[in-house]
*Asks:* 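Attaching a single structure in structure tokens format; questions to follow.
Quick caveat: nothing in here was measured; it's all calculated off a predicted structure. For the numbers below, each heavy atom of this structure counts, side chains included, while hydrogens, waters and symmetry mates do not. Just so you know, ligand 1 is whichever comes first in the structure, and atom 1 is the first atom listed for that ligand.
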Amino acid sequence: MHWLLYLLSCVGTIHAAVTWNAEPFNPPSFPLAVRSPYLSAWLPQGAGAALNDVWPTFWTGQTLGWAGFVKVDNNAYSFLGTPNVPNAAFSKAVQKSSKFTATQTTFVLSAGPVDLTITFLSPVEATDLLKQSTPFAYMAVSASSTDGAAHRVQVYSDISAEWVSGNNGLAANWTTSTGSVITHQVQLVNQAVLSEVNDHTQYGSAFYSTLSTSGVTWQSGEDISVRAQFINNGRLPNTRDTNFRAIDDAWPVFAISHDLGNVRAATTPVVTSVGHIRDPALRYIVAGGGTQLRSSYFLSRFSRPADLISEFLNDFPEALDRSNALDAKVNSDASRISSDYAAIVALSVRQAIAATEITISRNSNGSFNVNDIIIFMKEISSNGNINTVDVIFPTWPLLLYLNPQLGKFLLEGLFRYQATGQYPNKYSIHDLGASYPNALGHNDGRDERMPVEESGNMIIMSLSYVQRTNDQSQIRQYSALLDQWAQFLIEDSLIPENQISTDDFAGPLANQTNLAIKGIVGIKAMSEIASLLGDQAKSNNYSAIAADYVTQWRGLARSTRGPHLTLSYNDADSWGLTYNLFGDKLLGLNLFPQDVYTTRESSPHTLLSAIDVFLETAWYKTVARPFGVPLDTRHTYTKTDWEIWTASIATDTSVRDLLISSVRKYASSGLASQPFGDWYETTNGAPQGFRARPVVGGHLALLVL
Ligand SMILES: *[C@@H]1O[C@H](CO)[C@@H](O)[C@H](O)[C@H]1NC(C)=O
Ligand SMILES: *[C@@H]1O[C@H](CO)[C@@H](O)[C@H](O)[C@H]1NC(C)=O
Ligand SMILES: *[C@@H]1O[C@H](CO)[C@@H](O)[C@H](O)[C@H]1NC(C)=O
Ligand SMILES: *[C@@H]1O[C@H](CO)[C@@H](O)[C@H](O)[C@H]1NC(C)=O
């Protein structure tokens, strides 16, 4: 009976439809081409879907037409998407394996006697701003015979015009250029600059390209006829459809085919690239209420898309080497914690970095100013806010791990705007604008109000950057703002008034224990900054205030009923994840005493001091649900980033591993189909509203302590 129950529970809930070997596990959604808020193509999974079981989708879930066929001898097989081709016969290739690493998702499908290996590579080039700013990704396909005999192989793929709009009823037009590179370019006829529909950008162009090697053919035209052309002939006629029309009107597709010849051993991959370029990238508020148009960094070197695409395609072998090296480094670093942890981290890297765009401004004579770099981040799915401070903050570990400079450039836009004096509040702003890509600030001061949260976050991140780089330029330039926020924290962080924290969906609350930690760490961090800036008196003052607040906080924050901290002061039965202690550890301040973190069963204590030992780590074990520890006592849901931050400060590895394995259990449960959602239910693993957000960069927390 035990065995039967065990089997039923496995079959019923886990991997019901995953018939292939999934390494390291089958995620909620596979990243395919994920490099920017607008180049974001995924393969949704739920209980499991092969590469040719479903269409790729934008992060929102809207279909992105991306179809693939292979011909082996005279038989055609689909390997990507679910195209319906009425006048052509084909079968489905059979998926044998899937694998994701930090930068790559790889599938192997068998098409009769040939195996196809399809690698989707979205490079993460954190130390090369030009490459990181390039919103393009690769699909590489290679074939090998599995029966020892040689087989004739041709490979086909296309994209639809769904890549250029969130409204498929809009008119598109397109061109195909040939030469050393074959490039299909498609765009909306009515370009709506700086606007979005359903989170898709509504201007700029999508590009589908390949190097023009021998055996390459191409075509634009109606989906069913172009696909039938390949299925029936194994090649394309190199013809253009010039009947421009709506995206969903006899669905125009943009196809490329490669003839691999007779294949026995694994072929070198044929590579296509998909990308999206728009200019300007964003609009940004400057002093005096004016705005500035900003452009993607790569435009400083490549003003013509053709040059960028040629460089990108020719760089594939080196990009693959760099990506393999990064994947190996991430995997080896994270595997020191556990294989569960390595898997979570690998799934998080592309998603997090792809929420950002690296921009530059122009000089007055129109040339690009490559020294004026601001990175923008789209909050994604919770809303379209730009550079939300409490979204950058959870993402911070990824930025520190990959390249702390990226963090500086993300903070720069927030600092610079607030230094213009147009933002009226004395605490830090929440975000740079309500809807990407218009970073218009909040001159009315009516942004989402998270005063302690954001003020603490800004100071903590600023010091963290200096600690990793020794570059003091930003804290010197914006020292007045940092001090202003610190003074606000001195007023409002020990007894935080009724307000929301980053977990705004949980509602406002006064006296939040975890929020107070954030504020007090912020005060101490400012003391360190003041010391770096040579103001020892201020440093000593803030340091003394922080120490005094910690002492007072100990009295306020502990529960009188159990060995744990409260969610809010004076509510003895409440508790929550006190993930803000991560800031104390990250900065090496050791402001909060160690007994907050640990279980000290064997220590000698009087009754009074025993109550003072909060046993925080041990407490979590007692309140864990099947899918982890709830965020706090108000609800049973939790956040993956805060589970992992709590794991990073846990002093007991069994608690650390419990939190990590809970996140992995949720991510591999087969219950979700959206890009890694950070908010889920601990009772049953059900995903909540968020998806594709950059905060999963916080999963790297254990790699930066
Ligand atoms: C396509 O539309 C764009 C934007 O309206 C326009 O600039 C371009 O000339 C058009 N291209 C073709 C080939 O009609
Ligand atoms: C444009 O202005 C920048 C900055 O003032 C200067 O460095 C650059 O040489 C100028 N370029 C031209 C073509 O005048
Ligand atoms: C917050 O906690 C302080 C200290 O215990 C208390 O005086 C105050 O009434 C609390 N505020 C609220 C709104 O509960
Ligand atoms: C310490 O800083 C606080 C907050 O800015 C200020 O009110 C107080 O006067 C300072 N104390 C000293 C001794 O400078």
*Asks:* Going by the order shown, which atoms of ligand 1 are within less than 4.0 Å of some heavy atom of Asn173?
*Replies:*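 Those qualifying, in numeric order: 1 (C), 2 (O), 3 (C), 8 (C), 10 (C), 11 (N), 12 (C), 14 (O).
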*Asks:* Tell me which donor-acceptor pairs under 3.5 Å the side chains of residues 306-313 have, and how far apart each pair is, sequence neighbours excluded?
*Replies:*
residue: Asp307; atom: OD1; partner: Arg304; partner atom: NH2; Å: 3.1
residue: Asp307; atom: OD2; partner: Arg304; partner atom: NE; Å: 3.2
residue: Ser310; atom: OG; partner: Asn314; partner atom: ND2; Å: 3.4

*Asks:* Would you mind listing which atoms of ligand 3 come within a distance below 4.0 Å of any non-hydrogen atom of Ala510?
*Replies:*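 In order of number, 13 (C).
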*Asks:* Would you please indicate if the ring centroids of Trp163 and Tyr208 are separated by under 6.0 Å?
*Replies:*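 Not close enough - the centres of the two rings lie 6.0 Å or further apart.
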*Asks:* Compute the ring centroids of His200 and Phe58, then answer whether they are less than 6.0 Å apart.
*Replies:*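 Yes, they do, as the ring centres are separated by less than 6.0 Å.
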*Asks:* Residue-level breakdown please: for Asn498 versus ligand 3, do any non-hydrogen atoms fall below 4.0 Å on the side chain, on the backbone, on both, or on neither?
*Replies:*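 Near ligand 3, Asn498 shows nothing, with every heavy atom at 4.0 Å or more.
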*Asks:* State whether the shortest distance between N or O atoms of Phe244 and N or O atoms of ligand 1 falls below 3.5 angstrom.
*Replies:*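 Checking ligand 1 against Phe244, no N or O pair falls under 3.5 Å apart.
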*Asks:* Considering only heavy atoms of Asn511, which atoms of ligand 3 have at least one such atom less than 4.0 Å away?
*Replies:*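 Listed by number with element, the hits are 1 (C), 2 (O), 3 (C), 8 (C), 10 (C), 11 (N), 12 (C), 14 (O).
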*Asks:* Would you give me the side-chain donor-acceptor pairs under 3.5 Å for residues 244-257, sequence neighbours excluded?
*Replies:*
residue: Arg245; atom: NE; partner: Asp249; partner atom: O; Å: 2.7
residue: Arg245; atom: NE; partner: Ala250; partner atom: O; Å: 3.3
residue: Arg245; atom: NH1; partner: Asp241; partner atom: OD1; Å: 3.4
residue: Arg245; atom: NH1; partner: Asp241; partner atom: OD2; Å: 2.8
residue: Arg245; atom: NH1; partner: Asn243; partner atom: O; Å: 2.9
residue: Arg245; atom: NH2; partner: Asp241; partner atom: OD2; Å: 3.1
residue: Arg245; atom: NH2; partner: Ala250; partner atom: O; Å: 2.8
residue: Ser257; atom: OG; partner: Val155; partner atom: O; Å: 3.4

*Asks:* Just grab all the salt bridge (charged side-chain N to carboxylate O under 4.0 Å, His left out) pairs involving residues 175-202, residues at least two apart or on different chains.
*Replies:*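 Listed by first then second residue: Glu196-Lys378, Asp199-Lys378.
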*Asks:* For ligand 2, give me the residues whose heavy-atom distance to it is below 4.0 Å, by chain and number please.
*Replies:*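 Residues Asn363, Asn365, Ser367 each place a heavy atom under 4.0 Å from ligand 2, listed by chain and number.
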*Asks:* Say whether Asn570, considering both its backbone and side-chain N or O atoms, lies within less than 3.5 Å of an N or O atom on ligand 3.
*Replies:*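 Right, the criterion is met.
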*Asks:* We want to know whether Arg227 and Gln229 form a side-chain donor-acceptor pair, criterion being a heavy-atom distance below 3.5 angstrom.
*Replies:*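 No, Gln229 and Arg227 have no side-chain donor paired with an acceptor closer than 3.5 Å.
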*Asks:* Assess the side chains of Asp632 and Tyr637: does a donor N or O sit below 3.5 Å from an acceptor N or O?
*Replies:*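 No, no side-chain donor-acceptor contact under 3.5 Å.
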*Asks:* Inspect the contact between Glu357 and Arg278 and indicate whether a charged nitrogen and a carboxylate oxygen are less than 4.0 angstrom apart.
*Replies:*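 So Arg278 pairs with Glu357 through a salt bridge.
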*Asks:* What I want to check is whether the side chains of Ser493 and Lys518 have a donor and an acceptor closer together than 3.5 Å.
*Replies:*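 There is no such pair (donor and acceptor under 3.5 Å, judged by atom type) between the side chains of Ser493 and Lys518.
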*Asks:* Under 4.0 Å from any heavy atom of Leu556, which atoms of ligand 3 are there?
*Replies:*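 Once the distances to Leu556 are compared, the set is 4 (C), 5 (O).
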